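Data block below; observations after.
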Amino acid sequence: EAGVAQSPRYKIIEKRQSVAFWCNPISGHATLYWYQQILGQGPKLLIQFQNNGVVDDSQLPKDRFSAERLKGVDSTLKIQPAKLEDSAVYLCASSPGQGRYGYTFGSGTRLTVV
Amino acid sequence: AQTVTQSQPEMSVQEAETVTLSCTYDTSESDYYLFWYKQPPSRQMILVIRQEAYKQQNATENRFSVNFQKAAKSFSLKISDSQLGDAAMYFCAYRRLNSGGYQKVTFGTGTKLQVIP
């Protein structure tokens, strides 16, 4: 089966600019996750979707971050305006159910804010 | 809140030798899941092994096995016959058992494993 696709792979932007990341999960996976991984740290959950509904966005900085999952398939994560501390790898993952058997991750987008 | 601690930022092992990566976690739950993920330089997190807390038997996947000590809240990963391709960041992770809602996975800070030829 095809894996979780993410794009772009790298992105460099200036602070206060906006950026968007795209994720296409494994076909049939109902649950989609966006994680932020700052250098030297473990991934931190930003938002979790079940189909096209949000089930957890408690750690999403909603003043600047937004995410949507259209038709319960693809998802986009947006940052506007970006700050220096947003520099990180943004990982997308999916699971068929609620993740009891683990997630399948994409290769992530490395964002550098200068 | 659940926390996952990996006290070894870096480890090294000779090729073909055995290495053990440590993980401890804090929880008040009795039923949960534990995972080890591998993240090579390609950045893609790959599930290595999974353990259900209610199972006393330690999980094993080929050269990878765990030592699950529930009372001590310890979940170490043993890699036998280490190969160059095992070099990566390894993350320990915890997830509560379903209780009618959606449960997120909490990751540790990772251990960087170097394999020496």
Side-chain angles (χ1 to χ4, degrees), chain A residues 2-11 21 23 25-26 29-51 53-60 88-112, chain B residues 1-10 21 23-25 29 31-55 59 61 64 66 75 88-112:
Chain A
V4 175
Q6 287 190 249
S7 67
R9 188 150 173 81
Y10 302 92
K11 190 73 177 179
F21 313 124
C23 174
I26 291 176
H29 279 195
T31 312
L32 184 146
Y33 316 81
W34 282 103
Y35 277 84
Q36 179 191 57
Q37 186 178 19
I38 294 173
L39 185 65
Q41 299 182 17
K44 180 185 81 172
L45 180 70
L46 291 176
I47 190 166
Q48 178 177 339
F49 292 93
Q50 174 74 9
N51 296 311
V54 175
V55 296
D56 187 348
D57 63 356
S58 57
Q59 298 192 87
L60 186 73
V89 173
Y90 290 85
L91 295 165
C92 179
S94 69
S95 64
Q98 297 175 16
R100 285 174 290 176
Y101 300 97
Y103 304 162
T104 302
F105 282 84
S107 294
T109 297
R110 181 180 297 279
L111 173 67
T112 303
Chain B
Q2 290 78 29
T3 58
V4 178
T5 302
Q6 294 180 250
S7 59
Q8 305 154 316
E10 295 189 27
L21 307 184
C23 172
T24 59
Y25 55 94
E29 304 292 323
D31 289 319
Y32 44 86
Y33 305 99
L34 296 165
F35 307 89
W36 278 98
Y37 281 88
K38 170 186 177 182
Q39 187 178 40
S42 67
R43 299 200 303 257
Q44 185 177 16
M45 301 271 283
I46 302 165
L47 180 63
V48 174
I49 201 164
R50 169 182 176 271
Q51 176 80 40
E52 293 160 318
Y54 64 87
K55 291 186 176 179
E61 289 287 342
F64 299 87
V66 298
F75 183 60
M89 285 290 292
Y90 285 82
F91 291 94
C92 179
Y94 167 98
R95 183 191 183 282
R96 285 177 62 186
L97 192 72
N98 278 13
S99 58
Y102 292 91
Q103 306 298 335
K104 67 182 179 184
V105 173
T106 300
F107 288 86
T109 52
T111 296
K112 183 177 182 179

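No hydrogens, no waters, no symmetry mates; every other heavy atom, side chains included, goes into these values. In what follows, every chain begins at residue 1, and chains take the letters A, B, ... in the order their sequences are listed. What you are looking at is a predicted structure, and each value in this text was computed from that prediction instead of being measured.
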Give, as side chain, backbone, both or neither, the part of A:Gln6 having an atom under 4.5 angstrom from any heavy atom of chain B.
neither
Non-hydrogen atoms of chain B under 4.5 Å away: do they reach the side chain of A:Thr109, the backbone, both or neither?
backbone
Could you measure the distance from the OG atom of A:Ser107 to the CD atom of B:Gln39? Nearest 0.5 Å is fine.
9.5 Å
Closest non-hydrogen atom pair, A:Pro43 against B:Met45:
CG-CE, 3.8 Å
B:Tyr32 versus chain A, heavy atoms under 4.5 Å apart: side chain, backbone, both or neither?
neither
If we only count heavy atoms from C-beta on, is the A:Tyr103 to B:Phe35 side-chain gap below 4.5 Å?
no
With sequence neighbours excluded, what pairs up with B:Arg43 under the salt bridge (Lys or Arg N to Asp or Glu O under 4.0 Å) test?
none
Please say whether more than 12 non-hydrogen atoms of neighbouring residues, nucleotides or ligands are located less than 6.0 Å from NZ in B:Lys112.
no
Measure A:Tyr33 against the heavy atoms of chain B and call it side chain, backbone, both or neither at under 4.5 Å.
neither
Residues two or more places apart in sequence or in another chain: which of them pass salt bridge (Lys or Arg N to Asp or Glu O under 4.0 Å) with B:Glu61?
none
Name the orientation class of the two ring planes belonging to A:Phe105 and B:Phe107 (parallel below 30°, tilted from 30 to 60°, perpendicular beyond 60°).
perpendicular
Residue among A:Lys44, A:Gln41, A:Gln37 with most heavy-atom pairs under 4.5 Å to chain B:
A:Gln37
Can you confirm whether A:Tyr35 sits close enough to B:Val105 that some side-chain heavy atom of one is under 4.5 Å from a side-chain heavy atom of the other?
yes
